[in-house]
Amino acid sequence: GAGVSQTPSNKVTEKGKYVELRCDPISGHTALYWYRQSLGQGPEFLIYFQGTGAADDSGLPNDRFFAVRPEGSVSTLKIQRTERGDSAVYLCASSSRDRGNTGELFFGEGSRLTVL
Amino acid sequence: GNSVTQMEGPVTLSEEAFLTINCTYTATGYPSLFWYVQYPGEGLQLLLKATKADDKGSNKGFEATYRKETTSFHLEKGSVQVSDSAVYFCALSRAGAGKSTFGDGTTLTVKP
């Protein structure tokens, strides 16, 4: 019964570089979410997948951010031309969106991104 | 849009003290309400939830009651322990709407 797994746990990169963050959700969970958490703040919604498709990407801050979930399981968050303001902890969560589900999220431990 | 406002921290209490962390929300429709907890070095995890008005969620001695008339979901515990030291997040989710909305978190430190 593995939980949500995120890699890497820590990523340090230079301004302008490309970064990929990976999330492996709980087996059987159809819904997958990406959030971003800055110091002293709550998780900020980025994107939500239902199966393979992005059901809501309204939280992506700009076109440098992109996420995929090609087989409906593992997801990758991709950040192009990173900026210092992208430094944060990126959280992945999954849930079962069966009928009656009330939206409880199961979180991974996050990927801490530092852009120098 | 939906929003959650939490009592600002940090909160420091002595062991066995009574805890209240206030949470109010703004939402359309009838959201489900949650408290998540983040212990040092760990990921967020669900502490308790309530899905409709007047429901009380409870877990590990913590309680919160869904008050639609005051749009609140305050977290309480009668006697805190050192092991309760963590960051607590209030959140809401509307069924079928996908995303959850979180407050900014309240850091609780319990001293022996």
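Numbers restart at 1 for each chain; the letters A, B, ... are given by sequence-line order, proteins then strands. Worth saying up front: this structure is predicted, and the values here are computed from it rather than measured.
- Between A:Pro43 and B:Leu44, the shortest heavy-atom contact is CG-CD2, 4.1 Å.
- Between chain A and the options B:Leu46, B:Val87, B:Thr107, the largest number of non-hydrogen pairs under 4.5 Å is found for B:Leu46.
- The number of heavy atoms from other shown groups lying within 6.0 Å of CG (A:Leu116) is above 12.
- Residue B:Glu8 places its CD atom among 12 or fewer non-hydrogen atoms of other residues, nucleotides or ligands, all under 6.0 Å distant.
- For the set A:Gln6, A:Gln37, A:Gln41, A:Glu109, the count of heavy-atom pairs under 4.5 angstrom toward chain B peaks at A:Gln41.
- Annotation: B:Phe102 is not in aromatic contact with A:Phe45 [ring centroid separation under 6.0 Å not met].
- Within a 6.0 Å sphere centred on NZ of B:Lys52, other residues, nucleotides and ligands contribute 12 heavy atoms or fewer.
- Taking OG1 of B:Thr101 as the start and CD of A:Glu44 as the end, the distance is 11.0 Å to the nearest 0.5 Å.
- Summarising the local packing, CD of A:Glu14 is surrounded by 12 or fewer heavy atoms from other residues, nucleotides or ligands at distances under 6.0 Å.
- Other residues, nucleotides and ligands place no more than 12 heavy atoms under 6.0 Å from the CZ atom of A:Phe66.
- A donor-acceptor pair under 3.5 Å is absent between the side-chain atoms of A:Tyr33 and the main chain of B:Ser100, judged by distance alone.
- B:Glu15 CD: more than 12 foreign heavy atoms inside a 6.0 Å radius.
- Proximity to chain B (any heavy atom under 4.5 Å) is shown, for A:Phe106, by neither the backbone nor the side chain.
- Only the side chain of B:Gln38 comes within contact range of chain A, judged by heavy atoms closer than 4.5 Å.
- In this structure, B:Val4 is a member of the same hydrophobic cluster as B:Met7, with clusters built from ILVMFWY side-chain heavy atoms closer than 4.5 Å.
- Considering only heavy atoms from C-beta on, B:Phe34 stays 4.5 Å or farther from A:Leu105 through its side chain.
- Only the side chain of A:Leu91 comes within less than 4.5 Å of a heavy atom in chain B; its backbone stays farther off.
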